[in-house]
S.K.: 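After the structure tokens below, expect a handful of questions from me.
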Amino acid sequence: MTDCLFCKIIAGEIPSAKVYEDDKVFAFRDINPQAPTHILVVPKNHIASANDITESNADAAAACFTAIPKIAAAEGLTEGYRVINNCGAAAGQTVMHLHFHLIGGCTLGEKIV
Ligand code: AMP
Ligand code: ZN
């Protein structure tokens, strides 16, 4: 997608602090970290949100979840971490390219669920 921030980051058109990449997944540090470790795990395919996952593109979402344990291990998150997805404007999604926040590196506070 031409006018998508994360597509531009994946393409290298906008710089990022990359921590992981494979054929389906790109992961980089959040520019505004909410914890000592705050990484965005995104599918390389443009999928707007979790609400747009279908049978035909679910492999991209699955690939994010197989990458997450590898990234967590590389980051030394042995005590646990949180994975968050904001889906849609009312949930606080600001970048309309599916992404999973991988957050850890400290004892995490209040949780919603
Ligand atoms: P969300 O609010 O769930 O859509 O998350 C979007 C995230 O993208 C926020 O946590 C932002 O801090 C992060 N973000 C926005 N622009 C950049 C960027 N250029 N590089 C890294 N992270 C970014
Ligand atoms: Zn995109």
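Whatever order the structure lists ligands and atoms in, that order sets their numbers, starting from 1.
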S.K.: Below 4.0 angstrom from a heavy atom of Asn32, which ligand 1 atoms are there? Numbered from 1 as shown, please.
M.R.: 12 (O)
S.K.: Answer yes or no: is there an ion pair linking Lys70 with Glu75, defined by an N-O contact shorter than 4.0 Å?
M.R.: no
S.K.: Any nitrogen or oxygen of His38, side chain or backbone, less than 3.5 Å from one on ligand 1?
M.R.: no
S.K.: Any N/O of Gln93 closer than 3.5 Å to an N/O of ligand 1?
M.R.: no
S.K.: Among all protein heavy atoms in this structure, tell me which lies nearest to atom 4 (O) of ligand 1, with the distance rounded to 0.1 Å.
M.R.: Thr94 N, 2.7 Å
S.K.: Heavy atoms only: give me the nearest His97-Pro43 pair and the separation to one decimal.
M.R.: NE2-O, 2.8 Å
S.K.: Restricting to non-hydrogen atoms, name the atom on Thr37 and the atom on Gly105 that form the minimum distance, rounded to 0.1 Å.
M.R.: OG1-CA, 4.3 Å
S.K.: Minimum heavy-atom separation for Arg82 and Gly109, please, with both atom names.
M.R.: NH2-O, 3.3 Å
S.K.: Leu5 to ligand 1: N or O pair under 3.5 Å?
M.R.: no
S.K.: Check if Gly92 has a non-hydrogen atom at a distance under 4.0 Å from any atom of ligand 1.
M.R.: yes
S.K.: In degrees, rounded to 10 degrees, what angle do Cys7 atom SG and His97 atom ND1 make at the Zn ion (ligand 2)?
M.R.: 110°
S.K.: Evaluate whether atom CD of Glu13 has more than 12 neighbouring non-hydrogen atoms of other residues, nucleotides or ligands under 6.0 angstrom away.
M.R.: yes
S.K.: Taking the six-membered ring for Trp, are the ring centroids of Phe6 and Phe26 within less than 6.0 Å of each other?
M.R.: no
S.K.: Once rounded to 10 degrees, what value does the angle at the Zn ion (ligand 2) take between SG (Cys4) and ND1 (His46)?
M.R.: 110°
S.K.: For His99, is the nearest heavy atom under 4.0 Å from an atom of ligand 1?
M.R.: yes
S.K.: Looking only at distances, can you tell me whether any N or O atom of Val95, backbone or side chain, sits closer than 3.5 Å to an N or O atom of ligand 1?
M.R.: yes
S.K.: Counting non-hydrogen protein atoms only, what is the nearest one to atom 9 (C) of ligand 1? Give residue, atom name and distance.
M.R.: Asp30 OD2, 3.3 Å
S.K.: State the atoms of ligand 1, each with its element, that fall below the 4.0 Å cut-off from a heavy-atom position in Phe6.
M.R.: 8 (O)
S.K.: Starting from atom 20 (N) of ligand 1, which protein heavy atom do you reach first, and at what distance in Å?
M.R.: Ile31 CB, 3.7 Å
S.K.: Write down the atom of Pro69, the atom of Tyr81, and the distance for their closest heavy-atom approach.
M.R.: CA-OH, 4.0 Å
S.K.: Measuring from the heavy atoms of Ile14, does anything fall under 4.0 Å of ligand 1?
M.R.: no
S.K.: Mind checking whether Arg29 has a heavy atom under 4.0 Å from ligand 1?
M.R.: yes
S.K.: Specify whether His99 and His101 have parallel, tilted or perpendicular ring planes, treating 30° as the upper limit for parallel and 60° as the lower limit for perpendicular.
M.R.: perpendicular
S.K.: Show the nearest heavy-atom pair for residues Gln93 and Gly88, with the distance to one decimal.
M.R.: OE1-N, 2.8 Å
S.K.: Considering the heavy atoms of Leu40, write down every atom of ligand 1 situated less than 4.0 Å from one of them.
M.R.: 8 (O), 13 (C), 22 (N)
S.K.: Should the pair Asp22-Lys44 be classified as a salt bridge under the 4.0 Å nitrogen-to-oxygen rule?
M.R.: no
